[in-house]
Trainee: 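The following block contains the structure, expressed as structure tokens.
All values below come from the heavy atoms of this structure, side chains included, with hydrogens, waters and symmetry mates left out.
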Amino acid sequence: MPLKTTWKEIQVASLQKMFLISGSEIERNDSTNTYLASMPAAYNEAVRLLSQTNRYIVKSHDIVSDGLASTLKVNIKEEIPDLFMMKPDGLYFTDYDGAVHECFGEHRMIGNDYLVLDGSRTGTYTLYYYAYPLKVTAETKDETDLQIDPDVASLIPLYMASQLYKEDDPSMAATWRNEFEMGREELKLHLRGGSSGEFRSTTEWC
């Protein structure tokens with residue numbers, strides 16, 4: 001299970017980076033309130049930039065097949081609102097006996113929305129996918145698990161501080177932004193040689 005990173009931890013790390021607190025608790029006062037109010041937008045910008053690394057939590061979604069149709073067409077954009085990208089070779093089928101089969105070739109796409117499966121089999125398809133991170137708002141609770149990779153979580157306060165501190169100290173803000181970009185490039189380098197993010201799609205049922 002991925003390590004948990006809460007919204008409070010991101011806020012605390014950002015405030016510490018900007019020298020606004022020295023402890024591990026959020027202090028809400030005249031010195032911090034303006035920065036705290038601007039943090040959701042800065043966080044969402046940072047996590048979008050880091051999306052190029054595909055460092056999202058892997059999730060799964062079950063699709064039940066009653067075996068009564070030759071094909072099963074699923075609108076995955078509607079069924080999986082946080083879908084960023086299907087995980088390569090991430091489709092499995094569990095039959096009524098509980099046996100799990102790899103079904104890497106058992107799907108095809110119609111456009112970007114519809115996933116077509118073999119509907120003549122009775123059981124459950126499990127689709128593993130890369131999820132978009134949660135969007136933070138002013139209503140997000142401090143204890144909310146942001147569901148992001150720990151390597152991503154360590155970089156986000158750098159970006160947030162660089163954006164929120166630009167008027168206070170442009171030089172320091174530029175330094176933090178440079179550190180963020182360096183860390184971002186390192187994440188990209190670690191992915192080279194691995195999966196390209198593409199998934200296999202054929203018309204043959206497995």
Trainee: Do other residues, nucleotides or ligands put more than 12 heavy atoms under 6.0 Å from the CG atom of Asp30?
Mentor: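 12 or below, so no.
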Trainee: Going by the angle between their ring planes, with limits at 30° and 60°, are Trp7 and Tyr43 parallel, tilted or perpendicular?
Mentor: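 Plane angle over 60°, so perpendicular.
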Trainee: Shortest non-hydrogen contact from Glu143 to Thr6?
Mentor: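 In this case the closest contact between Glu143 and Thr6 is O-CG2, 3.8 Å.
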Trainee: Could you tell me if the side chain of Ile76 sits less than 4.5 Å from the side chain of Met86, heavy atoms only?
Mentor: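 With C-beta onward as the side chain, the pair touches.
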Trainee: Would you say the side chain of Leu15 lies within less than 4.5 Å of the side chain of Glu27, judging by non-hydrogen atoms?
Mentor: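 The answer is no; the side chains never approach within 4.5 Å.
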Trainee: Search all heavy atoms of Gln16 against all heavy atoms of Gly23 and return the closest pair with its distance.
Mentor: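 It is NE2-O, 2.7 Å.
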Trainee: Considering only NZ, NE, NH1 and NH2 on the basic side and carboxylate oxygens on the acidic side, decide whether Asp145 and Lys4 come within less than 4.0 Å.
Mentor: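 No, this pair does not count.
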Trainee: Return the orientation label for the Tyr128 and Tyr92 ring planes: parallel under 30°, perpendicular over 60°, tilted otherwise.
Mentor: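 Ring orientation, 0 to 90° scale: perpendicular.
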Trainee: Measure across Ala131 and Lys59 and return the closest heavy-atom pair with its distance rounded to 0.1 Å.
Mentor: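 Reported closest heavy-atom pair: CB-CD, 3.8 Å.
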Trainee: Assess the side chains of Ser120 and Asp118: does a donor N or O sit below 3.5 Å from an acceptor N or O?
Mentor: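 Yes.
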Trainee: Are any side-chain N or O atoms of Asp149 and backbone N or O atoms of Asp151, one a donor and one an acceptor, separated by less than 3.5 Å?
Mentor: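 Pair found, side chain donor or acceptor close to backbone of Asp151.
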Trainee: What is the minimum heavy-atom distance between Leu158 and Trp176, and which atoms define it?
Mentor: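 Shortest heavy-atom contact: O-CB, 3.6 Å.
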Trainee: Please check if atom CG in Asp62 has more than 12 non-hydrogen atoms from other residues, nucleotides or ligands closer than 6.0 Å.
Mentor: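 Correct, the count exceeds 12.
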Trainee: Considering non-hydrogen atoms only, spot the tightest contact between Val64 and Leu72 and give its length.
Mentor: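 Smallest interatomic distance, heavy atoms only, reads O-CD2, 3.9 Å.
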Trainee: Before accepting this row, confirm whether a basic side-chain N of the pair Arg48/Glu45 lies closer than 4.0 Å to the acidic partner's carboxylate O.
Mentor: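 Result for this pair is no, no salt bridge flagged.
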Trainee: Among Asn44, Leu146, Ile148, which residue meets the side chain to side chain contact (heavy atoms under 4.5 Å, CB included) test with Pro133?
Mentor: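 One option only clears the test, and that one is Ile148.
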Trainee: What are the two closest non-hydrogen atoms of Ala153 and Ile10, and how far apart are they?
Mentor: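 Distance-wise, the nearest heavy atoms are O-CD1, 3.8 Å.
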Trainee: So do Ile80 and Leu127 actually touch side chain to side chain, heavy atoms under 4.5 Å?
Mentor: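 Yes, close enough: below the 4.5 Å cut-off.
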Trainee: Hey, any chance Phe19 and Met160 share a hydrophobic cluster, counting ILVMFWY side chains that come within less than 4.5 Å of each other, even indirectly?
Mentor: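 As far as the 4.5 Å side-chain criterion goes, Met160 and Phe19 are connected within one cluster.
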Trainee: When you measure from the side chain of Ser60 to the backbone of Thr126, do you find a donor-acceptor pair of N or O atoms at a distance under 3.5 Å?
Mentor: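 Pair absent, no side-chain N/O of Ser60 close to backbone of Thr126.
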